[in-house]
Peer 1: 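Structure below; questions to follow.
Starting from 1, each residue takes its place in the sequence as its number.
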Amino acid sequence: MAVGSAGSRMEGGCQCGRVRYVAVIEDDDAYLCHCRMCQRATGGVSIAFKNIPASSLEWLTEPDWYQSSPIARRPFCAACGTPLGFAFLRNVENVDVTVGSFDDPSRFRPVHHYAVESMHEAWIDTRDLPRMRSEQNEGVIKRWMDACGKTPD
């Protein structure tokens, strides 16, 4: 990894904490992939990725990998199922890291859509939908309190 790089060092990992990484990030640009393979791999209508040079990513704990197509493989955590990225099998100059797996993904901004032939337009502009905060869901709060006496961070 380019430790002496001018970029920001950011950490991330899976939900259970077994897989961790450090990445050197040069800018805030990210993108949304709508391809059918990403939809199936994540269970979502799209996935937010940060594309970085492979040399800017260091796995502190090696992830599990599965070959998702004849040309690519994906890192994930076998313990909790968190999808962590995407990488081509050959000539790997850059890798995609899932934006949501960064400890603080708030700095990233989408700058383009990819694989728009599979885009589900109804899920793109949701700004007019009603909104609810987690702490407003009394049933979920009660479940957390009964289970461990506190709500998640």
Peer 1: Check whether any side-chain N or O of Q39 sits under 3.5 Å from a backbone N or O of C33 as a donor-acceptor pair, and report yes or no.
Peer 2: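 Looks like no, no N/O pair under 3.5 Å.
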Peer 1: Return each pair, listed once, that meets salt bridge (charged side-chain N to carboxylate O under 4.0 Å, His left out) where at least one residue sits in residues 40-55; pairs must be two or more places apart or across chains.
Peer 2: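 Checked against salt bridge (charged side-chain N to carboxylate O under 4.0 Å, His left out) - neighbours excluded - the pairs reaching residues 40-55 are D27-K50.
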Peer 1: Could you give all pairs that pass the ring pair (Phe, Tyr, Trp, His ring centres under 6.0 Å) test and reach residues 127-153, with sequence neighbours left out?
Peer 2: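 The answer is none; no pair qualifies.
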Peer 1: Could you pull out all donor-acceptor pairs under 3.5 Å where a side-chain atom in residues 68-79 meets a protein atom, sequence neighbours excluded?
Peer 2:
| unit_1 | atom_1 | unit_2 | atom_2 | d |
| --- | --- | --- | --- | --- |
| S68 | OG | R74 | NE | 3.1 |
| S69 | OG | I71 | N | 3.2 |
| S69 | OG | A72 | N | 3.2 |

Peer 1: Which pair of heavy atoms, one from C14 and one from C80, lies closest together, and at what distance?
Peer 2: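 C14 and C80 have their closest heavy atoms at CB-SG, 3.7 Å.
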Peer 1: Is the number of heavy atoms from other residues, nucleotides or ligands within 6.0 Å of CD (E62) greater than 12?
Peer 2: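 Check passes, neighbour count above 12.
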Peer 1: Any idea which heavy atoms bring T98 and G85 closest together, and the distance?
Peer 2: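 Distance-wise, the nearest heavy atoms are CG2-N, 3.7 Å.
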Peer 1: What heavy-atom pair brings V24 and G7 nearest, and what distance separates the two atoms?
Peer 2: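 In this case the closest contact between V24 and G7 is CG1-CA, 3.9 Å.
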Peer 1: Following the transitive rule for hydrophobic clusters with a side-chain heavy-atom cut-off under 4.5 Å over Ile, Leu, Val, Met, Phe, Trp and Tyr, establish whether V111 and F49 coincide in one cluster.
Peer 2: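 V111 and F49: separate clusters.
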Peer 1: If we ignore hydrogens and angles and just use 3.5 Å, is the side chain of T82 paired with the main-chain N or O of Q15 as donor and acceptor?
Peer 2: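 Judged by distance alone, yes, a pair lies under 3.5 Å.
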Peer 1: Determine which pairs satisfy salt bridge (charged side-chain N to carboxylate O under 4.0 Å, His left out) with at least one residue from residues 137-152, sequence neighbours left out, and list them in order.
Peer 2: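 Those involving residues 137-152 are K142-D146.
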Peer 1: Considering residues at least two apart in sequence or located in another chain, which fulfil the ring-ring contact (aromatic ring centres under 6.0 Å, His included) criterion with H113?
Peer 2: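 H113: ring-ring contact (aromatic ring centres under 6.0 Å, His included) contacts with H34.
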Peer 1: Can you list every pair that meets salt bridge (charged side-chain N to carboxylate O under 4.0 Å, His left out) and has a residue in residues 99-109, with sequence neighbours left out?
Peer 2: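 Checked against salt bridge (charged side-chain N to carboxylate O under 4.0 Å, His left out) - neighbours excluded - the pairs reaching residues 99-109 are R20-D103, D28-R107.
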Peer 1: R127: what forms a side chain to side chain donor-acceptor pair (under 3.5 Å) with it, not counting sequence neighbours?
Peer 2: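 Scan of R127 (side chain to side chain donor-acceptor pair (under 3.5 Å), adjacent residues dropped) gives D125.
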Peer 1: Report yes or no: do V92 and I52 belong to one cluster of Ile/Leu/Val/Met/Phe/Trp/Tyr joined by side chain heavy-atom distances under 4.5 Å?
Peer 2: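 Shared cluster, yes.
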Peer 1: Inspect the surroundings of CH2 in W123 and state if more than 12 heavy atoms from other residues, nucleotides or ligands are less than 6.0 Å away.
Peer 2: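 Counting other residues, nucleotides and ligands, CH2 of W123 stays at 12 neighbours or fewer.
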Peer 1: Give, for atom CD of E26 and atom OG of S8, the distance between the pair rounded to the nearest 0.5 Å.
Peer 2: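 Rounded to the nearest 0.5 Å, the CD-OG separation comes out at 8.0 Å.
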Peer 1: With R133, which residues qualify under salt bridge (charged side-chain N to carboxylate O under 4.0 Å, His left out), at least two apart?
Peer 2: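 Per chain and number, R133 pairs via salt bridge (charged side-chain N to carboxylate O under 4.0 Å, His left out) with E135.
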Peer 1: Could you give the distance from OG (S101) to CE (M10), rounded to the nearest 0.5 Å?
Peer 2: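 Here the rounded value is 9.5 Å.
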Peer 1: Membership question, hydrophobic clusters at under 4.5 Å side-chain separation (ILVMFWY): are L84 and F86 in the same one?
Peer 2: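 In one cluster: no.
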Peer 1: With sequence neighbours left out, write down each residue that passes ring-ring contact (aromatic ring centres under 6.0 Å, His included) with Y21, or none if nothing qualifies.
Peer 2: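 Residues passing ring-ring contact (aromatic ring centres under 6.0 Å, His included) with Y21: W59, F102.
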Peer 1: Side-chain heavy atoms under 4.5 angstrom apart, residues restricted to Ile, Leu, Val, Met, Phe, Trp, Tyr: same cluster for F88 and Y31?
Peer 2: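 Cluster IDs for F88 and Y31 match.
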Peer 1: State yes or no: do V95 and I47 share one hydrophobic cluster built from I, L, V, M, F, W and Y residues joined by side-chain heavy-atom distances below 4.5 Å, directly or via other members?
Peer 2: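 In one cluster: no.
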Peer 1: What residues, two or more places apart in sequence or in another chain, satisfy side chain to side chain donor-acceptor pair (under 3.5 Å) together with N51?
Peer 2: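 Only N94, D96 meet the side chain to side chain donor-acceptor pair (under 3.5 Å) criterion with N51.
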Peer 1: Check whether any side-chain heavy atom of V97 sits under 4.5 Å from a side-chain heavy atom of L57, and report yes or no.
Peer 2: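 When only atoms from C-beta onward are counted, L57 and V97 do touch, with a gap below 4.5 Å.
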Peer 1: Could you measure the distance from the NE2 atom of H112 to the CG atom of L32? Nearest 0.5 Å is fine.
Peer 2: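 Here the interatomic distance stands at 8.5 Å.
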Peer 1: Can you measure from CD1 (I25) to CZ (R9) and round to the nearest 0.5 angstrom?
Peer 2: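 Taking CD1 in I25 and CZ in R9, the distance rounds to 11.0 Å.
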Peer 1: Residues in side chain to side chain donor-acceptor pair (under 3.5 Å) with R131, at least two apart?
Peer 2: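 Per chain and number, R131 pairs via side chain to side chain donor-acceptor pair (under 3.5 Å) with no residue.
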Peer 1: With sequence neighbours left out, what residues match Y114 under ring-ring contact (aromatic ring centres under 6.0 Å, His included)?
Peer 2: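 Per chain and number, Y114 pairs via ring-ring contact (aromatic ring centres under 6.0 Å, His included) with no residue.
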